[in-house]
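Reading through the structure tokens given below for one structure.
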Number of protein chains: 2
Amino acid sequence: MRQASPKPEGLRERNRREKYEHITNVSIRLFLENGYDATTLAEIAHSSGISRRHLFNYFDSKDEILFSHLREYYEMIAESIARGSPDEPTLEVVRKAILSNLTRFDAERTLAIAKIMRNNAALQSKNRANEINLEKAIMKGLSALWPSKMSHDRLLFASILSSGAIRFATYIWLRDGNEIKLADCVAEAFDRMKFEIQCTE
Amino acid sequence: MRQASPKPEGLRERNRREKYEHITNVSIRLFLENGYDATTLAEIAHSSGISRRHLFNYFDSKDEILFSHLREYYEMIAESIARGSPDEPTLEVVRKAILSNLTRFDAERTLAIAKIMRNNAALQSKNRANEINLEKAIMKGLSALWPSKMSHDRLLFASILSSGAIRFATYIWLRDGNEIKLADCVAEAFDRMKFEIQCTE
DNA sequence: GCTATTGTTGCACTGAGTGCATTTTAATTG
DNA sequence: CAATTAAAATGCACTCAGTGCAACAATAGC
């Protein structure tokens, strides 16, 4: 996907952004109505008012329509981690970064996507594959915070643990419905990590 | 993929198994020679001496050719976990199960697949997506070992942590070449988990 | 041997994704 | 404002993965 230019947003950039959002919304609606597999790119293009070919100037692939909005979110997390305090432990920095960015988390869209993915193993796989990007974002943030003090391997391991905790938190949140706050799930997941390891002692 | 029948293996079963191995070997050779994307299923079928259509009676998709052999391995891990001692901590049970099955781990094939995946982001994503199966296998084993004593969530979390540790171990092992033993990498990864958490205290 | 089952093939089709040439639209400059 | 340049948008033709179906070949069991 193309990056937004850092300059003041011109008409082109704004149009692009709006159309990007529009296509995503249309697609999610169609996926919810008819299912992911049964919805073709031709239909999405037609319903969005653009040509099928031009879809690929916005999204690299069909599943990117569902996941690409996360890139921006992941980027914010990376920056938030990089602004953490280097005296705290790695996992604590990540936890705080996640919690402080939770307001930017698009819960409604996530719920819709979760519904689309239900009973679609292939999509769930692609969702999992997309976790690579979260992990890389965490790694990027941690590397920026400790440019050389900590070994690459330690930071990588922390990234892996963190993304696992986040996935667990999201899973619980989606499963237990709206009764539970996502923040609590995240906090609990990171706590659970300590607990589970301590049991090993 | 079809399951091997538990009965004594007839001529059909044996042929199937041999052909399955044959196709896999031919495919890996072609992937190494010409790259994954540049190798079509038509070529694989032709080089394997079967029709393109018939490939799909062995593998559900192109990438399954690379990953399906892991199912058997994962199944053994699940059984090994289920045979663990219920008095030990979850992560310890998993660790021992992994280590005791390492002789069945096909290092050579894994190295070849890693080489094929290098510089192919899409394949790396699919590899990551395939980790779902490892996690499910671990979960299955743990659930069998503690049918009701431990909560589903605790076991799930342990599965997530374990699969993360295993991925880290594999990553280090692939990166540092043959100087390092995979068993050491696995042991170190599980140790590292304790260490990383203790830093949080 | 005969029969049911399973392996195997070919064919035609759908849909995602790409390369390319072309047209349309917006930004830039004189 | 008009001319130029760059980017957005389209249409077309193509490749390839994956599927449904009908037909045929091989094998297991009787």
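Labels below follow one simple rule: chain letters A, B, ... track the order of the sequence lines, proteins then strands, and each chain is numbered from 1. Not measured: the values here are computed from a predicted model.
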For [X] and [N], what is the distance between atoms [atom1] and [atom2] respectively, to the nearest whole Å?
X: B:N15; N: C:dG7; atom1: CG; atom2: P; result: 10 Å
X: A:F56; N: D:dC12; atom1: CZ; atom2: C1'; result: 15 Å
X: B:I23; N: C:dG7; atom1: CD1; atom2: P; result: 13 Å
X: B:Y58; N: D:dA17; atom1: OH; atom2: P; result: 19 Å
X: B:H46; N: D:dC16; atom1: NE2; atom2: P; result: 15 Å
X: A:K19; N: C:dT25; atom1: NZ; atom2: P; result: 11 Å
X: A:K62; N: C:dG17; atom1: NZ; atom2: P; result: 8 Å

Distance under 6.0 Å and angle within 45° of the ring axis: does B:K126 meet both against B:Y36?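 Output no; distance or angle outside limits.
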Tell me which of B:I50 and A:A42 sits closer to the 5' end of DNA chain C, going by the nucleotide each one is nearest to.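 The answer here is B:I50.
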Considering only side-chain heavy atoms of [X], which listed nucleotide, [options], is closest?
X: A:D63; options: C:dG17, D:dA9, C:dT8; result: C:dG17
X: B:H54; options: D:dG11, C:dT8, D:dA8; result: C:dT8
X: A:R52; options: C:dT8, C:dA16, D:dC16; result: C:dA16
X: A:N57; options: C:dT9, C:dA16, D:dA9; result: D:dA9

Could you tell me whether the side chains of B:R167 and B:N127 share a donor-acceptor contact shorter than 3.5 Å?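 Note: B:R167 and B:N127 side chains miss the donor-acceptor criterion.
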Less than 3.5 Å apart, any donor N or O on the side chain of A:N130 or A:N133 sitting next to an acceptor on the other?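 There is such a pair between these side chains.
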Check: C:dG7 base within 3.5 Å donor-acceptor of B:R53 side chain: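 Side chain to base: no pair below 3.5 Å.
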May I ask you to decide if the ring planes of A:Y58 and A:Y20 are parallel, tilted or perpendicular, using 30° and 60° as cut-offs?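 Ring orientation, 0 to 90° scale: tilted.
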